[in-house]
Amino acid sequence: MQRARCLAGRRLNELARELKVPVPARVNRAKGWTGTLLETALGATAASLPEPDFQAIGVELKTVPVHPDGRPRESTYVCTLPSPGGGPPLWQHSNVRRKLARVLFVPVVYETGAGFADRIIGTPIIWSPSAEEEAALRADWEELMDLACTGKVESITAHHGTHLQIRPKAANSKARQRGVGEDGAPAQTLPRGFYLRASFTASIFQRCYARAG
DNA sequence: GAATGATCATCA
DNA sequence: TGATGATCATTC
């Protein structure tokens, strides 16, 4: 948290220059660049592994694009929809619960159309779900997993779920992976992932900033 | 190809 | 403008 707080107020291109990380010429071709830059700046260790970013302390790092007024600009990716197999899915064993057990949110503030030079790191937040939040996430997860495991995965849209939603997470719309088909039998389906709605992260940010002043 | 990191492009 | 569905770069 000390290291993250030290980054608040910094511009992304300045931070990149200090870390000797090249700044992409086009923002729309560098979707993951900000997240990777913050991982480098904070010393995250589990890049490209299904583990918390900071393994030793069990913390997941999420950079969140926000409007100048502090509202998240986008939903937040959590993890992939698991492949089928191994009995009924249990919340206690889910990757969603593991990933969200402890999260360091780092807001990155900018106006529409801004380049990396005009994107500024905001005040970081360390968050764990309250009992109420976990119950709500669990309810969404169980509803979505029930659809996904009973042959209705193709009927799932981003409209399902109050705080947690399922959306495509793939190189393109033609990508396929092992999944459950219409009849409940194995089939090739579009890879999907769990995302936190922007309204959910907005409520987290609002509560944390209200408490901190 | 599958995982990580997310944001883009489109349309209501 | 905001949410959904689609997509991009990199690494292993």
Side-chain angles (χ1 to χ4, degrees), chain A residues 4 7 12 15-16 19-55 59-85 95-96 98-100 103-116 118-119 121-122 140 144 147-148 153-179 188-203 205:
Chain A
L7 298 176
L12 294 187
L15 181 61
L19 297 174
K20 304 189 189 306
V21 172
V23 180
R26 298 157 65 187
V27 293
N28 66 343
R29 294 282 171 164
K31 297 185 182 181
W33 183 78
T34 302
T36 307
L37 179 68
L38 268 295
E39 285 183 348
T40 302
L42 294 172
T45 54
S48 83
L49 290 177
E51 296 285 327
D53 295 298
F54 298 96
Q55 296 168 294
V59 170
E60 173 75 12
L61 172 65
K62 290 295 180 193
T63 58
V64 181
V66 301
H67 293 277
D69 64 9
R71 283 174 307 125
R73 302 177 66 94
E74 296 279 355
S75 55
T76 299
Y77 172 69
V78 180
C79 61
T80 54
L81 182 64
S83 298
N95 284 332
V96 172
R98 270 203 291 274
K99 286 269 190 180
L100 297 182
V103 181
L104 175 62
F105 288 106
V106 179
V108 174
V109 187
Y110 59 94
E111 295 185 350
T112 302
F116 291 124
D118 292 311
R119 300 187 184 194
I121 299 170
D140 283 343
L144 290 164
L147 290 170
V153 70
E154 300 294 355
S155 75
I156 296 175
T157 74
H159 297 284
H160 291 88
T162 305
H163 305 306
L164 198 63
Q165 60 182 179
I166 286 179
R167 304 218 308 277
K169 169 63 173 172
N172 56 63
S173 61
K174 291 161 221 157
R176 291 294 181 268
Q177 69 175 186
R178 287 176 40 236
Q188 296 293 306
T189 61
L190 177 67
R192 294 169 167 85
F194 286 102
Y195 296 77
L196 294 177
R197 292 185 181 279
S199 56
F200 184 72
T201 48
S203 70
F205 287 17

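Just so it is clear, the model here is predicted, and its values are computed rather than measured. Just so you know, these numbers use all the heavy atoms, side chains as well, and skip hydrogens, waters and symmetry mates. Sequence lines set the chain letters: A, B, ... in the order given, protein chains first and strands last, and positions in each chain run from 1.
- Computed from coordinates, the A/F116 CZ to B/dC8 C1' distance equals 12 Å when rounded to whole Å.
- Atom CD of A/E60 and atom P of B/dA3 are 15 Å apart (whole Å).
- For the pair A/L37 CG and C/dA9 P, the computed distance is 18 Å after rounding to whole Å.
- More than 12 heavy-atom neighbours from other residues, nucleotides or ligands sit within 6.0 angstrom of CD on A/Q188.
- In the helix from B/dG1-C/dC12 to B/dA12-C/dT1, the rotation axis of the first five pairs and that of the last five pairs differ in direction by 30°, rounded to 10 degrees.
- Remark: P of C/dT10 and OH of A/Y77 are 19 Å apart, rounded to the nearest angstrom.
- If you take CD of A/E39 and P of C/dA9, they are 18 Å apart, rounded to a whole angstrom.
- What separates NZ of A/K174 from P of C/dC8 is a distance of 10 Å, to the nearest Å.
- At distances below 3.5 Å, at least one donor-acceptor pair connects side-chain atoms of A/R119 with backbone N or O atoms of A/A114.
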All N/O pairs under 3.5 Å across the protein-nucleotides 10-12 of chain B interface:
none

So which protein nitrogen or oxygen atoms get under 3.5 Å of nucleotides 3-6 of chain C's nitrogens or oxygens?
unit_1 : atom_1 : unit_2 : atom_2 : d
C/dT4  : OP1    : A/A158 : O      : 3.2
C/dT4  : OP1    : A/R197 : NH1    : 3.1
C/dT4  : OP2    : A/Q165 : NE2    : 3.1
C/dT4  : OP2    : A/R197 : NH1    : 3.1
C/dG5  : OP2    : A/A158 : N      : 2.7
C/dG5  : N7     : A/R167 : NE     : 2.7
C/dG5  : O6     : A/R167 : NH2    : 3.1

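- Side-chain contact between A/L37 and A/T63 is absent, with no heavy atoms from C-beta onward closer than 4.5 Å.
- Rounded to an integer number of Å, the gap from A/L81 CG to B/dT4 C1' is 17 Å.
- A/R176 comes within contact range of the sugar-phosphate backbone alone, with a heavy-atom separation under 4.0 Å but no base atom that close.
- Comparing A/R119 and A/S83 against DNA chain B, the residue whose closest nucleotide sits nearer the 5' end is A/S83.
- Nucleic acid contact for A/G35: sugar-phosphate only, since backbone atoms but no base atoms lie under 4.0 Å from a heavy atom of the residue.
- The stretch residues 19-27 of chain A has no heavy atom under 4.0 angstrom from DNA chain C at all.
- Judged by distance alone, with hydrogens and angles left aside, the side-chain atoms of A/K62 form a donor-acceptor pair with the main-chain N or O of A/Y77 at under 3.5 Å.
- Legend: residues meeting salt bridge (Lys or Arg N to Asp or Glu O under 4.0 Å) with A/R178, ordered by chain and number and at least two apart, are absent.
- In terms of heavy atoms, A/V23 sits closest to A/A16 at CG2-CB, 3.7 Å.
- Atom CZ in A/R29 sits roughly 11 Å away from atom P in C/dT10 (whole-Å rounding).
- Contact detail for A/Q165 and A/S75: the closest heavy-atom pair is OE1-CB, 3.9 Å.
- Heavy atoms of A/R192 sit nowhere under 4.0 angstrom from any nucleic acid atom.
- Here the closest heavy-atom approach between residue A/Y110 and residue A/P68 is recorded as O-CD, 3.6 Å.
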Can you give me every donor-acceptor pair (side chain of residues 24-36 of chain A, partner residue at least two apart or in another chain, under 3.5 Å) with its distance?
unit_1 : atom_1 : unit_2 : atom_2 : d
A/W33  : NE1    : A/P22  : O      : 3.2
A/T36  : OG1    : A/G32  : O      : 3.0

